[in-house]
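Here's the structure we're looking at; comments come further down.
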There are 2 protein chains.
Amino acid sequence: MDINQKIGERIRELRKQKNISQEALANIAEVDRTYMTGVETGKRNVTVKVLERIVEALELDFASFFNDKIFMK
Amino acid sequence: MDINQKIGERIRELRKQKNISQEALANIAEVDRTYMTGVETGKRNVTVKVLERIVEALELDFASFFNDKIFMK
DNA sequence: TGATACAACGGGTTATGAGTCACATGGATG
DNA sequence: CATCCATGTGACTCATAACCCGTTGTATCA
C-alpha cells in the first residue's frame, strides 16, 4: 500500500476516534475541507509542514502519529 | 525548532551511524547529492514520498524514524 | 603542493504540491 | 418529497518541491 494511503487511513482513524468531521479537522489544521478529503483518500502527497499541522490538529506529535503497525515493516 | 530541521538532524544522525556520506545516502534514496544537503540542513520541506525513500535508504520504517525524543511533545 | 573526498551554496528549470471552486453523491431527517 | 450534512471529484492557479549544474571551502592525504 502507498505511503500516502497509509497516512490517509491513519488520519481518518484518529479523526473518527475524536468524532469530528473532515471539515472540523480541516479548520483546526487550517487546510481546505476538500484538501483534507484528498489527504484521507491518499490522493495527496503532503509535505512535512502540512502533515505537521494535521497531526497537531489531532493533538498528537509525529512520534505518536507514526507509532502504528501500518508504519512498521 | 522547525520540523524540517528536526528531520534533517535525525537523518544526519542516522546517516553518521551508518558511516556513509550524503552522496552515498542520496544515491540509495535516488535523490540528488545537493538535495540531500538541503534536507539535512533543514532547508527543504520534503514530501512524504521523498522522505519515505530516504528513510528506506537508512533501512528504517517511519515508525522507527520518528520514534525519537526530538519528535515528541 | 596537488589530488581527493565531503559538504554547503547559488542559481536555473521542470514537476508537482497547496489552496480553492463548483458540482455531485449519499444518508439522515422533517 | 425537500433540505441539511458530510464527503468526494475534476479542474484550475500559483507557489514551491524536486531536480541538476557548477563552484567554493575544508580537511586529509601522498
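Just so we're clear, the structure is a prediction, and the values are computed from it rather than from any experiment.
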Handout entry: Rounded distance in Å - CD (A:Glu30) to P (C:dT20)
Key = 10 Å
Handout entry: Heavy-atom closest pair, residues B:Lys73 and A:Glu56
Key = NZ-CG, 4.2 Å
So which protein N/O to nucleotides 9-12 of chain C N/O distances come out below 3.5 Å?
| residue | atom | partner | partner atom | Å |
| --- | --- | --- | --- | --- |
| C:dC9 | OP2 | B:Lys43 | NZ | 2.8 |

Completion exercise
From CE of A:Met36 across to P of C:dG17 the rounded distance in Å is 17 Å
Handout entry: Rounded interatomic separation in angstrom, taking CD1 from B:Ile54 and P from D:dA17
Key = 14 Å
Practice task
Grab the OH-P distance between A:Tyr35 and D:dC14 for me, whole Å please.
Solution key: 18 Å
Practice task
With heavy atoms under 4.0 Å as the rule, sort B:Asn45 into base, sugar-phosphate or nothing.
Solution key: sugar-phosphate
Practice task
May I ask you to decide if A:Ala29's main-chain N or O and A:Arg53's side chain share a donor-acceptor pair within less than 3.5 Å?
Solution key: yes
Practice task
Rounded off to whole Å, could you give me the CD-to-C1' distance for the A:Glu9 and D:dT7 pair?
Solution key: 16 Å
Practice task
Evaluate the salt bridge (Lys or Arg N to Asp or Glu O under 4.0 Å) criterion for residues B:Lys49 and B:Glu52: first the C-alpha distance (whole Å), next the side-chain angles of each, then the deciding distance (0.1 Å), finally the verdict.
Solution key: CA-CA 5 Å; B:Lys49 280 207 174 174; B:Glu52 183 185 38; over 6 Å; no
Exercise for the section: Give me the ring orientation class for B:Phe66 and A:Phe66: parallel if the planes are under 30° apart, tilted from 30 to 60°, perpendicular past 60°. Expected result: parallel
Practice task
Count the heavy atoms belonging to other residues, nucleotides or ligands that lie under 6.0 Å from CD of A:Glu30, then report whether that count exceeds 12.
Solution key: no
Handout entry: Spacing between A:Asp32 atom CG and D:dG10 atom P, to the nearest angstrom
Key = 16 Å
Practice task
Considering just the side-chain nitrogens and oxygens of A:Arg12, establish if one lies under 4.0 Å of OP1 or OP2 belonging to D:dA6.
Solution key: no
Practice task
Rounded off to whole Å, could you give me the CG-to-C1' distance for the A:Asn27 and C:dG19 pair?
Solution key: 14 Å
Practice task
Could you check which of C:dA8, D:dC19, C:dA18 has an atom nearest any side-chain atom of B:Val31?
Solution key: D:dC19
Problem - B:Ile70 with B:Ile7, same ILVMFWY side-chain cluster at under 4.5 Å - result: yes
Practice task
Determine the sole option in B:Arg33, B:Arg12, B:Lys6 for which the salt bridge (Lys or Arg N to Asp or Glu O under 4.0 Å) test with B:Glu40 is passed.
Solution key: B:Arg12
Problem - Rounded distance (Å) that lies between atom C1' of D:dG8 and atom CD of A:Gln22 - result: 8 Å
